[in-house]
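Before any comments, here is the structure.
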Amino acid sequence: MHLKNNRPKPTNGFYGAFGGAYIPELLYPNVMDLEFNYQEIIQEPSFQKEYQQRLKDYVGRPTPLYFSEKLSKKYGANIFLKREDLNHTGAHKINNAIGQVLLAERLGKTRIIAETGAGQHGVATATACALQGLTCVIYMGKVDVERQATNVQRMKMLGAEVIAVASGSQTLKDATNEAIRDWINHPTETHYVIGSVVGPHPFPDMVTIFQSVISEEIKKQLKKQTGKANPTHVVACIGGGSNAAGAFYHFINNNKVQLVGVEAAGHGINSGKTAASLAKGTDGIIHGFMTKLMQTSDGQIVEPHSISAGLDYPGVGPLHAHLFTSKRGQFISITDKEALQAGLDLTKTEGILPALESAHALAALYKLKLSKTDVVVVNLSGRGDKDLTTYLNYL
Ligand SMILES: *Cc1c(COP(=O)(O)O)cnc(C)c1O
C-alpha cells in the first residue's frame with residue numbers, strides 16, 4: 001500500500017468544496033498529531049508488514065471476487081461480487097478498525113474510543129482492541145444499547161466497556177458528541193477510531209486508505225479472471241461511504257470506470273423518511289466536516305431513516321459529496337423495499353445472504369443500463385445474519 005503521489009487525496013483537507021476540519025480549539029492537538037503522522041506511519045515497512053499480515057491471517061483477505069452466472073444472465077452483463085461479507089466479523093469495517101488501532105499504537109496511544117449506532121463499528125473496534133490488547137471504550141446511545149442487545153453483549157465479551165449515552169435523542173449523534181468530549185479530556189493516551197470516511201480531516205483520507213485494499217484486490221482479481229484489470233462499473237452502497245471509497249479508490253483517476261454509489265431512499269426520497277443525503281441534502285457542516293447534509297432551512301439536522309442501520313446517517317463522506325457535485329460519480333437511491341427484495345433474491349439464487357446495506361447496491365443493478373460486454377463489480381460490504389429478523393418480518 002505505497003501512497004503514490006497521484007493517488008486520490010484531499011488538497012489541504014478538502015475534496016473540492018467538501019471536507020476540512022471544523023473542530024473546536026480543544027481538539028486541535030489530537031487532530032494535528034494524526035495529520036502530521038498518519039501518511040508516514042502507514043507507509044513504514046514495519047507498519048505495512050504487521051497490517052498486511054493481520055489482513056491476511058486474521059481478517060481472511062484477500063476476499064474472493066465471485067463471478068455470478070445467475071446475476072449476469074439476469075442483467076445481460078458480467079456481474080462480479082466482491083465478497084467483503086466473508087471478512088472476520090462479517091463486513092469491511094474490520095479493515096479500518098485494525099488499521100487505525102495499529103496506527104494508534106505507533107502514536108503511543110494505549111486507549112481506544114469509538115462511537116457506534118447499530119453496533120457494527122463498535123464490534124469491529126472492540127475486536128481490533130482485543131487482538132492488540134488495548135483498552136476499549138465504546139459510546140452508544142441508550143436507545144441503541146436497548147435495540148442492539150446482542151452487539152452490546154459481543155462488545156463486552158471482547159473486553160470493551162460500553163457507555164450508554166442518555167443525552168439528546170440517545171442515538172448515534174449523541175454517542176458521537178460524548179466520544180468527542182472524551183477525546184478532548186484524554187488527548188495524550190487516547191485515539192478516537194472513526195468508523196467511516198467522515199469526521200474532520202485526516203479521518204476521511206485515512207479511512208479511505210485502509211479500505212482501498214478492496215479495489216487493490218479487485219484489480220488483481222479481475223485481471224486474472226478476465227484479462228483486464230478495470231471493470232466498466234463499480235457499485236457500492238453509501239452510509240458514510242467507506243466501503244464505496246475503498247471499492248472506488250484505484251479507479252477514481254480512470255474516467256472509463258463508472259463509479260456508482262447507492263444511497264438509502266428509505267420510504268422514498270420525497271417521503272420525509274429517507275437517508276438519501278446526496279439527493280436531498282444541502283451544503284452544511286456535521287461532525288467536523290463540510291458535506292451534503294439533510295437539514296432544515298435553519299440548519300437543524302433532519303433525522304434520517306433507512307431500514308439498514310449502516311446507511312442511516314444524515315450526511316455523507318466529503319469524497320462522495322465531491323464525486324457527486326463534480327459528476328465523476330453516479331448516485332442512485334434505493335428504497336427499503338427494493339433492498340429487501342434484492343437481498344432475498346440473492347439469498348435464493350446464489351445462496352448468499354447479504355447485509356441490508358449491501359442489498360441496496362445489488363438493487364441498483366435494476367436501474368443501470370447495462371450491455372453484454374459490461375463488467376460490473378458490486379461490493380458486497382457485509383453478510384446479512386444480523387438482519388435476519390428484518391428480512392423475516394418482510395416475508
Ligand atoms: C457500516 C456498514 C455499511 C455502511 O458504512 P460505509 O462507511 O458507508 O461503508 C455498509 N455495509 C455494511 C455491511 C456495514 O456494516
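One is the number of the first residue; the rest follow in order along the sequence. Order of appearance sets the numbers: ligands from 1, and atoms from 1 within every ligand.
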Problem - Cationic N near anionic O, under 4.0 Å, Asp205 to Arg7 - result: yes
Handout entry: Heavy-atom check, side chain of Val31 versus side chain of Trp183, under 4.5 Å
Key = yes
Handout entry: Lys/Arg-Asp/Glu bridge criterion (N-O < 4.0 Å) met for Glu217, Lys82
Key = yes
Handout entry: Contact atoms of ligand 1, heavy-atom distance to Gly382 under 4.0 Å
Key = 13 (C)
Fill in the blank from the handout: protein heavy-atom neighbour closest to atom 4 (C) of ligand 1 works out as Gly310 O, 3.3 Å
Exercise for the section: Give a yes/no on ligand 1: does Arg383 have at least one heavy atom closer than 4.0 angstrom to it? Expected result: no
Handout entry: Option set Asn379, Asn243, Val198, Asp387, criterion heavy-atom distance to atom 9 (O) of ligand 1, minimum
Key = Asn243
Problem - N or O contact, Gly241 vs ligand 1, cut-off under 3.5 Å - result: yes
Exercise for the section: Please determine if Gly239 has a nitrogen or oxygen closer than 3.5 Å to a nitrogen or oxygen of ligand 1. Expected result: yes
Practice task
Give yes if a backbone or side-chain nitrogen or oxygen of Ser196 is under 3.5 Å from a nitrogen or oxygen of ligand 1, and no if not.
Solution key: yes
Handout entry: Between Asp174 and Ser169, a side-chain donor and acceptor under 3.5 Å
Key = yes
Exercise for the section: Could you tell me whether Leu311 and ligand 1 have an N or O pair separated by under 3.5 Å? Expected result: no
Handout entry: Glu84 and ligand 1 - part of the residue with a heavy-atom distance under 4.0 Å
Key = neither
Exercise for the section: State yes or no: are the ring centers of Phe289 and His201 separated by less than 6.0 Å? Expected result: no
Problem - Proximal atoms of ligand 1 relative to Cys237 (non-hydrogen, under 4.0 Å) - result: 10 (C)
Fill in the blank from the handout: the protein heavy atom lying closest to atom 6 (P) of ligand 1 turns out to be Ser242 N, 3.3 Å
Practice task
With heavy atoms under 4.0 Å as the rule, classify the contact between Lys93 and ligand 1 as side chain, backbone, both or neither.
Solution key: side chain
Exercise for the section: May I ask you to say whether Glu263 pairs ionically with Lys280, meaning some side-chain N is under 4.0 Å from a carboxylate O? Expected result: no
Handout entry: Carboxylate-amine/guanidinium proximity below 4.0 Å for Glu338 and Lys367
Key = yes
Handout entry: Heavy-atom nearest neighbour in the protein, as seen from atom 10 (C) of ligand 1, with distance rounded to 0.1 Å
Key = Glu357 CB, 3.4 Å
Practice task
State whether the number of non-hydrogen atoms from other residues, nucleotides or ligands found under 6.0 Å of Asn6 atom CG is greater than 12.
Solution key: yes
Practice task
Please indicate whether any nitrogen or oxygen in Ser381 is less than 3.5 Å from any nitrogen or oxygen in ligand 1.
Solution key: yes
Problem - Short N-O contact, Lys74 and Asp345, less than 4.0 angstrom - result: yes
Problem - Residue Ala355 vicinity, atoms of ligand 1 by number, heavy atom under 4.0 Å - result: 13 (C)
Handout entry: Salt-bridge present (Arg106, Glu50; N to O < 4.0 Å)
Key = yes
